[in-house]
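First the structure, in the form of structure tokens, and then the observations on it.
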Number of protein chains: 2
Amino acid sequence: MSSIKEVAKRAGVSTATVSRFFNTPEQLRESTQEKVKQAIEQTGYSVNALARNFRRGKTNLIIVVLPALGVPYFASVMRGIESVAKAKGYSIMIKDTQFNTVPFNQVSDMFFSRQADGIILLGSISPYQDVVSRNGHTNSLPPLVVSCENASPDLAGLPSVRIDGIKAAFDATNYLISLGHRKIAFISGSLSQAVSGEREAGYSKAMKQAKLAIHEDLITDGHLTIEDGRRITRRLLNQPSRPTALLCANDEMALGAMHEIKLAGLSVPGDISVIGFDDIRYAEISDPPLTTIAQPGEEIGEKSMYKLCNIIDGQAIDNKTDVVEHQLIIRSSTAPAVL
Amino acid sequence: MSSIKEVAKRAGVSTATVSRFFNTPEQLRESTQEKVKQAIEQTGYSVNALARNFRRGKTNLIIVVLPALGVPYFASVMRGIESVAKAKGYSIMIKDTQFNTVPFNQVSDMFFSRQADGIILLGSISPYQDVVSRNGHTNSLPPLVVSCENASPDLAGLPSVRIDGIKAAFDATNYLISLGHRKIAFISGSLSQAVSGEREAGYSKAMKQAKLAIHEDLITDGHLTIEDGRRITRRLLNQPSRPTALLCANDEMALGAMHEIKLAGLSVPGDISVIGFDDIRYAEISDPPLTTIAQPGEEIGEKSMYKLCNIIDGQAIDNKTDVVEHQLIIRSSTAPAVL
DNA sequence: CTGTTAGCGCCTTCAG
DNA sequence: CTGAAGGCGCTAACAG
């Protein structure tokens, strides 16, 4: 592969001029530009990004860490990230943590070894080691933004973009209560994940405010998956006193829950109302269509990427949390309780 | 950030020795290793991957191109790619083509500018320009593997891993025929995409073999999305002579189709049987559970990545197509035709 | 086993 | 507006 030297020689100019052709063409006389252009075409030259990045000390790559690929909700956030990244000249690297099995320092090391310029966390990653004082040194934190509300407590205080998870779960629970439900179960992922913790807090708040007993079998352990939604629901249905409504920590769990309820010969929402979280595209066409809390995924992605760019560019870092609006989408999986 | 020089000075060795510490530690006396190790800890040094990559001429990055993020089927392929990539020391960059709007040369340029070592194509990308003779030069093709069967014709002849799409659609169609269906519609994505073309070929083959008329409204245009599955189904239902079975080009379209059928007051499979493609995780819990052709996504991903590594390593390039097995998963969205 | 040395390809002063 | 020259941090011969 040809290098800048060859092009320079062929065009009868210096390598500096060829470099200028790519970076500050306006500085070159038009006739020079033409010469260089032809030499480039003749040689089929492409700038060696490796050398350029090395020289500039920048990769134009960011890492997005997420619990799992193929989750529709994360895909919408990714779309937002991507559109801004493209505009700003960044490419995206993906790290799938397989539901949180990758330690954070493995990711931050990619920053410290200059493989990426910044990091966006979609969902928690743990253990989140204190990279501020990495190896006992005062290395600076990598440019980092936490997206979505599922951040573990040690990630608090970092720049982030998310909905108000507590308020969202509170709203969802209140809607169920307003329909006359009293026995409301909360199907959560592992409570050790902050997303579930937050949503649980909102649920509890609403229940307490309405002076309702919090269902004892609330505490569940699992991932935010269809499979775990089904497993937990089966257990719930086998209890002597069955709930009349289910608040699920995400739509996948809700879809799994509805499936099990129907399998047990019960009806949604006739016997049990179900409400989810995220408004993934399958929610609208499920049977019955799922009532859920929608999150503005693309907006979250866009804002996160803007924030990250600001940090990378060394602008004023705001460690604030940008709160974006959630919305209760009422469909047909919820109905008044039959008493 | 400290460099190898600082570490060397502090440890009282040469930079080469520090380099060896990371790359061929077995060549160093243990006492030397210890000295270097301490110096590294003291300085908080990390290898500058930018410089290393530059020097080695390798990024250990591969690009995966896919039509859309958040498609469960692609996610399973990605998992396979990822597991092999991790074992081989590669990280993954993602290019989402938003259903095929990114020109291929934009991706191949990333290889020619040394930003990535190789490319995996999940699904077609077009226009696929002949990168072999890029700019009229005999640049070699970037290391490239085509995964999944949805490759456009100009990608034929490249190394690839896929199911036999024609056979798969043939099998699915035959199953419907064996159930007594005569009026079978094929809901495809845009036929300009090869995936649809292949599946259409298998469908036609089965229909012809059974001497059945090919439904005239077969030709459809759209993406492999829920939305387009719904749109096409609505149109189909409004026809005077409605089909009794639907073969859909993927599960998302099938899920959309079932929703519209039920919305129209008809039953699946009572009035219309539906069969999909891919066996995504939502297929099992749809109502009714969806009969579909399963593809071994992870296996496809793994094999693709292995193939790509071989090409990158300069081993014998096999331009052959690895065919992996598909499987008809019979659930409840298909039933004998009522005549 | 370890040190010396010479670049990799590019960009960026500094001169002119 | 353009050329000359140095060096980014690392690794890979080549010596010893």
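Labels below follow one simple rule: chain letters A, B, ... track the order of the sequence lines, proteins then strands, and each chain is numbered from 1.
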- prompt: Short question: side chain of B/T59, backbone of B/L61 - any donor-acceptor pair under 3.5 Å?
  reply: yes
- prompt: Looking at side-chain heavy atoms only, is the closest gap between A/L122 and A/V65 below 4.5 Å?
  reply: no
query: Whole-Å distance between D/dT2 P and A/E30 CD?
result: 11 Å
field: Donor-acceptor pair, side chain of A/D117 and main chain of A/I62, under 3.5 angstrom
entry: no
- prompt: Quick one: B/Q33 CD to C/dT2 P, roughly how many Å, whole number?
  reply: 9 Å
message: Rounding to 10°, can you tell me the angle the first-five-pair axis of the helix from C/dC1-D/dG16 to C/dG16-D/dC1 makes with its last-five-pair axis?
response: 30°
- request: State whether A/T17 places a side-chain N or O below 4.0 Å from either non-bridging phosphate oxygen (OP1 or OP2) of D/dG3.
  value: yes
query: Is a side-chain donor-acceptor pair under 3.5 Å present for A/Q295 with A/Y73?
result: yes
query: Nucleotide by nucleotide, 5' to 3', does protein get under 4.0 Å of the base (B), only the sugar-phosphate (S), or neither (-) in nucleotides 8-16 of chain D, counting heavy atoms?
result: BBBBBB---
message: side chain to side chain contact (heavy atoms under 4.5 Å, CB included) for B/L69 and B/I94? Distances and angles first, verdict last.
response: CA-CA 9 Å; B/L69 245 32; B/I94 292 242; 3.8 Å; yes
- prompt: NA contact type, A/L28, heavy-atom cut-off 4.0 Å: base, sugar-phosphate, or nothing?
  reply: sugar-phosphate
message: Testing the 3.5 Å rule here: is there a donor-acceptor pair between the side chains of B/T321 and B/S160?
response: yes
Value in whole Å for how far the C1' atom of D/dT2 lies from CZ of A/F21: 16 Å
message: Is the distance between the ring centroids of A/F22 and A/Y45 under 6.0 Å?
response: yes
message: What is the separation between atom NZ on B/K9 and atom P on C/dG3, rounded to the nearest whole Å?
response: 15 Å
message: Whole angstroms only, please: what is the CD-P distance between A/E26 and D/dC1?
response: 10 Å
message: Taking B/D109's backbone N and O only, do any of them form a donor-acceptor pair with B/S113's side chain (distance below 3.5 Å, no angle check)?
response: yes
- request: Using atom NZ of B/K35 as one end and atom P of C/dG3 as the other, report the distance to the nearest whole Å.
  value: 7 Å
statement: CD (B/Q115) and CG (B/N53) are apart, to the nearest 0.5 Å, by 12.0 Å
- prompt: Whole-Å distance between C/dT12 P and A/N53 CG?
  reply: 12 Å
